[in-house]
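Here is how names work: the chains are called A, B, and so on, in the same order as the sequence lines, proteins then strands, and each is numbered from 1.
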Amino acid sequence: MNLEVLIQHATIEALKKLYDYDTDTALVQVQNTRKDQIGDFTIVVFPFVRFSKKSPEVTGKEIGNFVTEKVNLIDSFQVVKGFLNFIVKNDYWLKYLRDAFNDNSFGLINQGENCKTIMVEYSSPNTNKPLHLGHIRNNLLGYSISEILKANGHKVIKTNIVNDRGIHICKSMYAWQKWGNGETPESTGIKGDHLVGKYYVEFSNRLKFEIAELMSKGFSEEEAENNAPSMIAARELLVKWEANDPETINLWKTMNEWVYKGFDETYRKLGVDFDKIYYESDTYITGKEEVLRGEKEGVFFRKEDQSVWADLTADGLDQKLLLRSDGTSVYITQDIGTAKMRYNDFDIDKMIYVVGNEQNYHFQILALLLDKLGYSWGKDLFHFSYGMVELPSGKMKSREGTVVDADDLIEEMTDVARKMSQELGKLESLAKDEAEATYRMIALGALKYFILKVDPRKNMLFNPEESIDFNGNTGPFIQYTHARIKSVLRKAEEKQINFTTDFLLPEISQKEKDLLKTITLFPDVVKEAGDNYSPAVIANYCYELVKEYNQFYHDHSILAESDEAKRNFRLVLSSTVAKVAKTGMGLLGIQMPERM
RNA sequence: GCCUCGAUAGCUCAGCUGGAUAGAGCAACUGCCUUCUAAGCAGUAGGUCAUGGGUUCGAAUCCCGUUCGGGGUACCA
């Protein structure tokens with residue numbers, strides 16, 4: 001049982017003995033004492049004065065005396081206004097440090113009885129265009145959430161559903177057929193996903209032109225879009241595709257292969273991966289079957305034009321199209337099929353969809369439809385809904401070319417990291433490829449931290465005019481601190497200074513104690529991040545920790561310390577900070593360099 | 001229109017399961033490298049927590065109204 005719980009229980013007992021008041025753990029909260037106050041743990045006594053019938057100060061003193069008597073790890077206490085601050089014996093903190101230092105999986109929970117099998121879907125790209133910054137946020141969140149859930153003792157299956165079919169890819173296919181002149185990634189030297197994306201943009205431009213033309217002839221915007229020749233051609237391609245037309249399927253396969261090769265490269269650079277990949281071209285048929293079964297069972301209905309719908313008005317929503325009048329399937333049809341296949345393939349306790357908040361409505365409906373189709377797990381689907389990445393000019397739109405391309409961004413960041421390292425004269429002793437790997441590590445550290453430190457639910461702003469920072473509250477700052485500690489530890493080794501946790505109790509300074517206390521917060525932070533699906537909690541903690549370390553580092557010598565117990569303690573402290581920071585950043589998918 | 005999310009320093013963000021004087025970073029200004037990595041440390045300045053009410057011993061945090069902004073409400077995905 002940890003000390004906070006001991007204090008909590010002792011306080012409950014005190015309330016009973018002193019004031020004959022019965023309460024439970026929910027009403028007695030032990031919190032960490034504010035940094036600017038003396039003490040380690042705090043209990044707010046205001047809620048108790050009502051039945052102690054004494055002033056907050058007196059109430060605090062009475063409870064303080066009782067608890068201090070009862071819990072022998074507590075050294076003393078102070079009452080400031082209505083706040084009861086306990087001061088804990090140094091032995092407690094030092095023992096904690098020893099344990100943390102010796103525990104290789106400090107802060108992580110082993111797979112135990114609460115272990116769930118959780119499937120996390122993320123990335124989910126369309127195969128008609130390359131990945132952009134919005135996808136980067138998705139990929140980083142999905143990967144990080146998976147790691148955080150593993151750290152909380154769960155089994156995680158990372159999955160990706162590739163939207164490899166549908167009208168969007170037909171648009172690229174049509175444009176390539178029409179204006180491509182047989183271009184390939186090989187013939188042009190353009191990365192496959194970028195080449196296909198180029199034709200998607202060309203299609204959009206052409207369509208925009210055609211719509212304008214038709215509207216000038218008196219068509220409404222909707223009519224114009226439906227009657228634009230390019231749009232008609234793309235729809236024809238989709239019908240041919242669903243009818244298995246060999247020529248269409250061939251072209252589709254070829255262009256998708258180009259895209260996959262490109263995606264694989266981007267995923268590799270980003271450092272994300274998947275345990276199982278689904279393709280909508282494999283799952284949409286199951287979806288169609290499910291919809292038709294639903295229609296047969298009277299859950300769904302068919303309109304005169306042969307389109308199939310779900311009536312959700314009883315649930316406070318609208319009618320929802322499930323199959324088009326030409327018989328082809330839509331987005332939600334595919335998702336129904338994908339969900340069913342996943343539950344057939346794996347024994348899943350929980351399904352998490354990492355998808356942007358623009359699709360909140362979609363997932364609300366998906367859960368409802370699956371429930372109506374008789375799947376008990378339908379309502380348990382969890383949509384991890386995250387905010388958009390916005391540019392100063394507003395939302396990113398692939399169709400309009402206002403996107404920050406993922407590959408470009410990573411390259412630019414790497415260039416900045418390289419330039420900066422060289423200006424600072426760092427890494428000169430490293431071999432070229434090792435230095436390059438470190439630049440990449442720093443660049444990705446900056447990018448990933450920049451994205452993951454913000455609350456996932458909120459929209460965030462990216463300004464391409466200002467490059468992502470490498471100083472201050474950033475990934476490289478945390479990486480730097482790690483490298484700094486590693487450097488000290490290397491020097492210790494060179495000087496043959498061995499250190500163990502057997503140090504006799506040294507006196508510890510306030511800064512050392514603050515740092516040590518920050519280390520003790522890590523397990524709770526991991527748990528909170530898991531409960532709230534929030535990499536941001538981890539990111540902000542890592543920053544807090546290394547900031548604390550840098551202050552300590554500035555004020556104390558480590559290797560030059562003559563008192564052996566102190567030197568020993570500081571080395572253990574440093575080493576533990578490095579380990580915790582590395583573990584924490586690992587949960588964000590950020591690697592830590594040995595030197596930088 | 002309806003549904004939904006948001007608004008904290010000049011900018012980007014923490015803090016939101018109610019607790020002490022609202023915190024960081026960036027940008028601006030000042031100091032600190034003959035000593036373990038200055039991608040660092042210390043400091044100055046910067047706030048009506050959109051706004052009006054309510055609940056409470058106590059509200060940035062919870063509730064209601066208002067204003068402004070994002071997203072959704074497609075036979076796009």
Across the strands shown, which category fits [X] at heavy-atom distances under 4.0 angstrom: base, sugar-phosphate, nothing?
X         : value
Met420(A) : base
Ser421(A) : base
Thr42(A)  : base
Asp531(A) : nothing
Gln31(A)  : nothing
Val488(A) : sugar-phosphate
Arg50(A)  : nothing
Asn226(A) : nothing
Leu323(A) : nothing

Would Asp335(A) and His362(A) count as having a side-chain donor-acceptor pair, cut-off 3.5 Å?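 Yes, His362(A) and Asp335(A) have a side-chain donor paired with an acceptor closer than 3.5 Å.
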Residues touching RNA chain B, which here means a heavy atom under 4.0 Å, drawn from residues 536-548 of chain A: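 Those residues are Asn540(A), Tyr543(A), Lys547(A).
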Planes under 30° and centres closer than 5.5 Å, is that true for Phe83(A) with the base of A20(B)?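 It does: the ring sits over the base of A20(B).
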For Phe46(A) and G19(B), is the gap between ring centres under 5.5 Å while the planes differ by less than 30°?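 Answer is yes, a stack.
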Tell me, yes or no, whether the heavy-atom count around Arg457(A) atom CZ, taken from other residues, nucleotides or ligands under 6.0 Å, exceeds 12.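 Not buried by this count: 12 neighbours or fewer within 6.0 Å.
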Check if the side chain of Ser557(A) and the base of C36(B) share a donor-acceptor pair of N or O atoms closer than 3.5 Å.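 Per atom types, no contact qualifies.
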Expressed as a whole number of angstroms, how long is the span from Met396(A):CE to A77(B):C1'?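 So the two atoms are 16 Å apart, to the nearest Å.
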Closest-nucleotide ordering on RNA chain B, the 5'-leading residue of Asn32(A) and Leu321(A):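 Between the two, 5'-proximity favours Asn32(A).
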Return the 5'-most residue of the pair Arg235(A), Lys81(A) with respect to RNA chain B, ranking by each residue's nearest nucleotide.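 That would be Lys81(A).
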Anything under 3.5 Å between a protein N or O and an N or O of nucleotides 3-7 of chain B, put it in a table, one pair a line.
from  : atom 1 : to        : atom 2 : distance (Å)
A7(B) : OP1    : Lys458(A) : NZ     : 3.4

Looking only at atom [atom1], what distance separates [N] and [M], rounded to whole Å?
N      : M      : atom1 : result
U34(B) : U44(B) : C1'   : 30 Å
C29(B) : C68(B) : P     : 39 Å
A24(B) : C49(B) : C1'   : 16 Å

Map every base of RNA chain B to its dot-bracket character, where paired means a Watson-Crick or G-U wobble contact with both distances under 3.5 Å and | marks a partner outside the strand. (((((((..((((.....[...)))).(((((.......))))).....(((((..]....))))))))))))....
Compare the minimum distances between each of [options] and the side chain of [X], then state the nucleotide with the smallest one.
X         : options                : result
Gln551(A) : C57(B), C41(B), A39(B) : C41(B)
Ile167(A) : G40(B), C75(B), C76(B) : C76(B)
Asn550(A) : A39(B), C41(B), G72(B) : C41(B)

Ion pair present between Arg567(A) and Asp563(A), side-chain N to carboxylate O less than 4.0 angstrom?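 Judged by the 4.0 Å cut-off on N to carboxylate O distance, Arg567(A) and Asp563(A) do not form a salt bridge.
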